[in-house]
Amino acid sequence: MPKLLGGTALLRLSLFMLMGFVKADLEDQPLVNALTFGVAVVLPMGTGLGLLHSRSKQKQRLALSKNNRRQKTLQTEILRLALAKAGRLTMVEVVSELAIALEQANSVLNSLAQQGLAELQVTESGVLVYAFYDIQHLSEKNAAQGILDA
């Protein structure tokens, strides 16, 4: 909010100074006139625009961060669901259990597959199943050995 107020105030100041500069009866001193114009009009205008631009970039970063957190939360919920379903999930199970849209479920499941956490499989009747290899083999974790011990 301070950036919005500051940016708007500086732009208004710049406009006010521009109106005064246009109406002024200036003497024929181009260097002084240019310097005065730069300090009185261009500097506040540039700073005001910079503040407004910075505010919009900040809003975009916050929205992106919020979307990333939402995506991570859904991934976590899907992994928990996969634990409850023995490491195998269908799109219908994800949509119905988590009460999310089909497109959102599809996006998150495909993201998990791209990360190597799930593998897409197909049943004989054509149902797509996301298999979570690590979850399917969790029972073996107590028998794990060091990599060089085998």
Side-chain angles (χ1 to χ4, degrees), residues 1-23 34-150:
M1 191 71 166
K3 287 184 179 183
L4 177 63
L5 292 175
T8 304
L10 284 170
L11 287 176
R12 287 182 179 178
L13 173 67
S14 177
L15 182 61
F16 178 72
M17 296 302 280
L18 178 63
M19 289 178 1
F21 195 81
V22 168
K23 291 182 179 182
L35 197 57
T36 304
F37 185 79
V39 170
V41 178
V42 176
L43 185 63
M45 183 184 296
T47 306
L49 290 173
L51 282 173
L52 293 177
H53 180 70
S54 169
R55 180 178 183 269
S56 74
K57 286 291 188 186
Q58 184 179 24
K59 280 181 123 179
Q60 289 174 352
R61 281 191 304 270
L62 288 174
L64 184 61
S65 174
K66 186 177 180 180
N67 191 32
N68 286 343
R69 284 193 308 270
R70 185 177 299 124
Q71 185 86 351
K72 294 289 184 195
T73 301
L74 279 175
Q75 287 179 352
T76 302
E77 291 300 319
I78 288 174
L79 290 173
R80 285 188 184 141
L81 183 59
L83 272 169
K85 302 283 186 176
R88 295 167 113 37
L89 291 175
T90 65
M91 188 77 64
V92 172
E93 289 174 315
V94 172
V95 169
S96 64
E97 292 283 335
L98 300 181
I100 60 176
L102 183 64
E103 298 80 22
Q104 199 172 18
N106 188 35
S107 171
V108 176
L109 284 168
N110 287 335
S111 172
L112 289 169
Q114 287 174 348
Q115 294 174 42
L117 295 172
E119 177 186 8
L120 190 56
Q121 299 175 345
V122 181
T123 66
E124 285 184 25
S125 61
V127 175
L128 296 177
V129 176
Y130 289 85
F132 296 82
Y133 182 83
D134 288 351
I135 292 174
Q136 291 173 329
H137 295 89
L138 275 178
S139 61
E140 300 172 10
K141 73 178 178 182
N142 291 333
Q145 299 177 6
I147 295 173
L148 300 177
D149 294 342

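On a predicted model such as this, the values are computed, not experimentally measured, just so you know.
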| field | Any donor-acceptor pair under 3.5 Å from S14 side chain to P44 backbone | value |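 No, S14 side chain to P44 backbone: no donor-acceptor pair under 3.5 Å.
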### Task
Tell me, with the steps shown, if L128 and L120 meet side chain to side chain contact (heavy atoms under 4.5 Å, CB included).
CA-CA 7 Å; L128 296 177; L120 190 56; 4.1 Å; yes
Quiz prompt | Which residues share a salt bridge (Lys or Arg N to Asp or Glu O under 4.0 Å) with R80, sequence neighbours left out | solution =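 Once residues adjacent in sequence are excluded, the partners of R80 under the salt bridge (Lys or Arg N to Asp or Glu O under 4.0 Å) criterion are E77.
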Which heavy atom in [X] sits nearest to a heavy atom in [Y], and how many Å separate them?
X    : Y    : result
V95  : A105 : CG2-CB, 3.7 Å
M45  : L11  : O-CD2, 3.7 Å
F132 : L117 : CD2-O, 3.2 Å

>> Going by side chain to side chain contact (heavy atoms under 4.5 Å, CB included), N106 matches just one of V108, N110, L109. Which one?
In response: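 The option that passes is N110.
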- Above 12 or not: heavy atoms from other molecules or residues under 6.0 Å from CZ of F21? yes
Open item on the list: Between N67 and R70, does the side chain to side chain contact (heavy atoms under 4.5 Å, CB included) criterion hold? Intermediate values first, please.
Closed with: CA-CA 5 Å; N67 191 32; R70 185 177 299 124; 3.9 Å; yes
From [X] atom [atom1] to [Y] atom [atom2], the distance as rounded to the nearest 0.5 Å:
X    : Y    : atom1 : atom2 : value
L18  : L13  : CG    : CG    : 11.0 Å
R88  : Y130 : CZ    : OH    : 13.5 Å
E93  : I78  : CD    : CD1   : 11.5 Å
L112 : Q71  : CG    : CD    : 8.0 Å
S107 : Q75  : OG    : CD    : 9.0 Å
L43  : T47  : CG    : OG1   : 4.5 Å

Practice problem: Evaluate the criterion side chain to side chain contact (heavy atoms under 4.5 Å, CB included) for residue pair V127 and V122; output intermediate values, then yes/no. | Solution: CA-CA 6 Å; V127 175; V122 181; over 6 Å; no
Identify each donor-acceptor pair in which a side-chain atom of residues 50-57 lies under 3.5 Å from a protein atom, sequence neighbours left out, and give them as a table.
from	atom 1	to	atom 2	distance (Å)
S54	OG	K3	NZ	2.7
S56	OG	H53	O	2.9

Please tell me whether S65 and R69 have a donor and an acceptor in their side chains that are separated by less than 3.5 angstrom.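 Their side chains do contain a donor-acceptor pair, which is all the 3.5 Å distance test asks for.
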With the side chain counted from C-beta on, respond yes when M91 and L102 share a heavy-atom pair under 4.5 Å apart, and no when they do not.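 Yes, side chains in contact.
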Taking side chain as C-beta onward, heavy atoms only, is L79 less than 4.5 Å from I135?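 Contact flag for L79/I135 side chains = yes.
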